[in-house]
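Here's the structure we're looking at; comments come further down.
One is the number of the first residue; the rest follow in order along the sequence. When reading the values below, keep in mind they use all heavy atoms of this one structure, side chains included, and skip hydrogens, waters and symmetry mates.
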Amino acid sequence: MNSKIELGRYLFAVERAGGIYAFGRVERVVGLTVEVTGLSARIGDLCWIYPSEDSRPVEAEVVGFRNDVLLLMPLAELQGVHSGSLVKTSGTVMSVPVGEGLLGRTLDGLGRPIDGLGPLDAVTRYPMYAEAPEPLKRKRIGDTIHTGVRAIDGLLTVGKG
C-alpha cells in the first residue's frame, strides 16, 4: 500500500482526535486550597474540578505542589466538591482577552462577559503570566495626567501612555 496514503489517514485521525487531557482526583480540601493527586501540571495551569457528573466544573489554577500533590486555588465556590472528585487539566495557562471587542463591555474577574451581550468578538487572548516588556524599549512618556486630587497630583506624577 502507498505510504503517503497511510500517512494521510493517520494525520487526519490525529487532527480529529482533539486535545489530550490528564486526569487526577481531589485528595483533600484545606481552606481555599485543593490538594490533587495523580495529575501533573505546571504552576499557573488552568484545571477543572468536577464535583459530580451532572454539575458544572469549578475552574482552578495550579498555585503550587508538594511531593506528588498539586495545590489548586479554586476560582469559584467549591460547592459539591468531595474527596475523589475528578480533576482535569487544560494544559494551558490562564489568559485574559484583549482587543477592540472589549470596548463598552462588562467583564468579571476572569475576563468573561457578564453584561448579557453575548460572547466577546474580535479579541485576542494573552497569558496572565508573561514577561514584562523591556523598560528601555518602551515609548517615552512625555505628558502627565492631572487626577484632580491634590494629594495625588502633589506627591505623584501620573504619566499618560
Side-chain angles (χ1 to χ4, degrees), residues 11-12 14-24 26 29-51 55-79 81 85-161:
L11 290 175
F12 180 72
V14 168
E15 287 174 4
R16 287 186 39 211
I20 298 173
Y21 299 99
F23 294 94
V26 171
V29 177
V30 180
L32 289 177
T33 304
V34 180
E35 297 182 6
V36 176
T37 57
L39 187 63
S40 178
R42 301 169 298 184
I43 291 181
D45 277 0
L46 183 63
C47 296
W48 296 285
I49 303 170
Y50 293 87
S55 62
R56 291 186 59 188
V58 176
E59 288 181 298
E61 178 186 2
V62 177
V63 294
F65 46 87
R66 183 181 323 118
N67 299 327
D68 291 335
V69 177
L70 277 182
L71 304 175
L72 305 182
M73 180 67 62
L75 303 173
E77 283 192 40
L78 291 174
Q79 189 69 30
V81 172
S85 289
L86 186 68
V87 179
K88 180 170 86 170
T89 181
S90 68
T92 61
V93 296
M94 289 186 55
S95 61
V96 293
V98 296
E100 297 289 326
L102 294 177
L103 294 175
R105 300 298 302 268
T106 305
L107 308 175
D108 67 5
L110 299 175
R112 296 179 296 218
I114 57 173
D115 53 11
L117 299 176
L120 299 172
D121 295 325
V123 295
T124 304
R125 297 194 71 85
Y126 278 90
M128 287 186 65
Y129 306 107
E131 287 187 35
E134 289 199 34
L136 297 178
K137 292 185 178 180
R138 294 181 188 177
K139 182 180 169 186
R140 188 174 180 94
I141 296 174
D143 297 331
T144 59
I145 297 174
H146 298 285
T147 65
V149 179
R150 283 190 275 180
I152 294 175
D153 291 339
L155 297 174
L156 302 169
T157 302
V158 180
K160 185 177 185 179

What's the verdict on side chain to side chain contact (heavy atoms under 4.5 Å, CB included) for N67 and V69, showing C-alpha distance, side-chain angles and the deciding distance?
-> CA-CA 6 Å; N67 299 327; V69 177; 5.5 Å; no

Quick one: do D68 and T37 satisfy side chain to side chain contact (heavy atoms under 4.5 Å, CB included)? Show the steps, please.
-> CA-CA 7 Å; D68 291 335; T37 57; over 6 Å; no

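- Distance alone, capped at 3.5 Å, is enough to place a donor-acceptor pair between the S90 side chain and the L46 backbone.
- A search for salt bridge (Lys or Arg N to Asp or Glu O under 4.0 Å) contacts involving R42 returns D45, not counting sequence neighbours.
- Contact annotation: the side chain of I49 never approaches that of P57 to less than 4.5 Å [non-hydrogen atoms, C-beta and beyond].
- At least one side-chain heavy atom of L107 sits under 4.5 Å from a side-chain heavy atom of L102.
- Side-chain atoms of P113 and T106, non-hydrogen and from C-beta on, never get closer than 4.5 Å to each other.
- Considering CG of L75 and CE of M94, their distance stands at 5.0 Å, rounded to 0.5 Å.
- Around the CG atom of D153, the shell of radius 6.0 Å holds more than 12 heavy atoms that belong to other residues, nucleotides or ligands.
- In this structure, G159 and I145 approach most closely via the heavy-atom pair O-CD1, 4.0 Å.
- Here the closest heavy-atom approach between residue G111 and residue P97 is recorded as O-CG, 3.4 Å.
- Checked by atom type and distance alone, the side chain of D121 never pairs as donor or acceptor with a backbone atom of G101 at under 3.5 Å.
- Within a 6.0 Å sphere centred on CZ of R150, other residues, nucleotides and ligands contribute 12 heavy atoms or fewer.
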Trace of the side chain to side chain contact (heavy atoms under 4.5 Å, CB included) decision for L72 with V63 = CA-CA 6 Å; L72 305 182; V63 294; over 6 Å; no

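- By the 6.0 Å contact criterion, CZ on R56 is open, its count of non-hydrogen atoms from other residues, nucleotides or ligands being 12 or less.
- Here the closest heavy-atom approach between residue V58 and residue E77 is recorded as CG2-O, 3.5 Å.
- The shortest distance between side-chain heavy atoms of S85 and Y50 does not fall below 4.5 Å.
- The salt bridge (Lys or Arg N to Asp or Glu O under 4.0 Å) test applied to R105 returns D115, not counting sequence neighbours.
- The two residues P127 and V93 have their closest heavy-atom pair at CB-CG2, 3.8 Å.
- The CG atom of L32 lies 7.5 Å from the CG atom of L78; values are rounded to the nearest 0.5 Å.
- Of the inter-residue distances, the one linking E35 atom CD with T33 atom OG1 reads 7.5 Å to the nearest 0.5 angstrom.
- Going from atom CG of L71 over to atom CD1 of I43 covers 9.0 Å, rounded to the nearest 0.5 Å.
- Here the closest non-hydrogen pair linking V34 and P74 is CG2-CD, 4.3 Å.
- Counting heavy-atom neighbours within 6.0 Å of F65 CZ, excluding the residue itself, gives a total of 12 or less.
- A distance of 10.5 Å separates CD of E100 from OG1 of T124, quoted to the nearest 0.5 Å.
- Taken from OG1 in T157 to CD1 in I152, the straight-line distance is 12.0 Å, to the nearest 0.5 Å.
- Heavy atoms from other residues, nucleotides or ligands lying under 6.0 Å from CZ of R66 number 12 at most.
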Determine, stepwise, if the pair W48 / V87 fulfils side chain to side chain contact (heavy atoms under 4.5 Å, CB included).
-> CA-CA 6 Å; W48 296 285; V87 179; over 6 Å; no

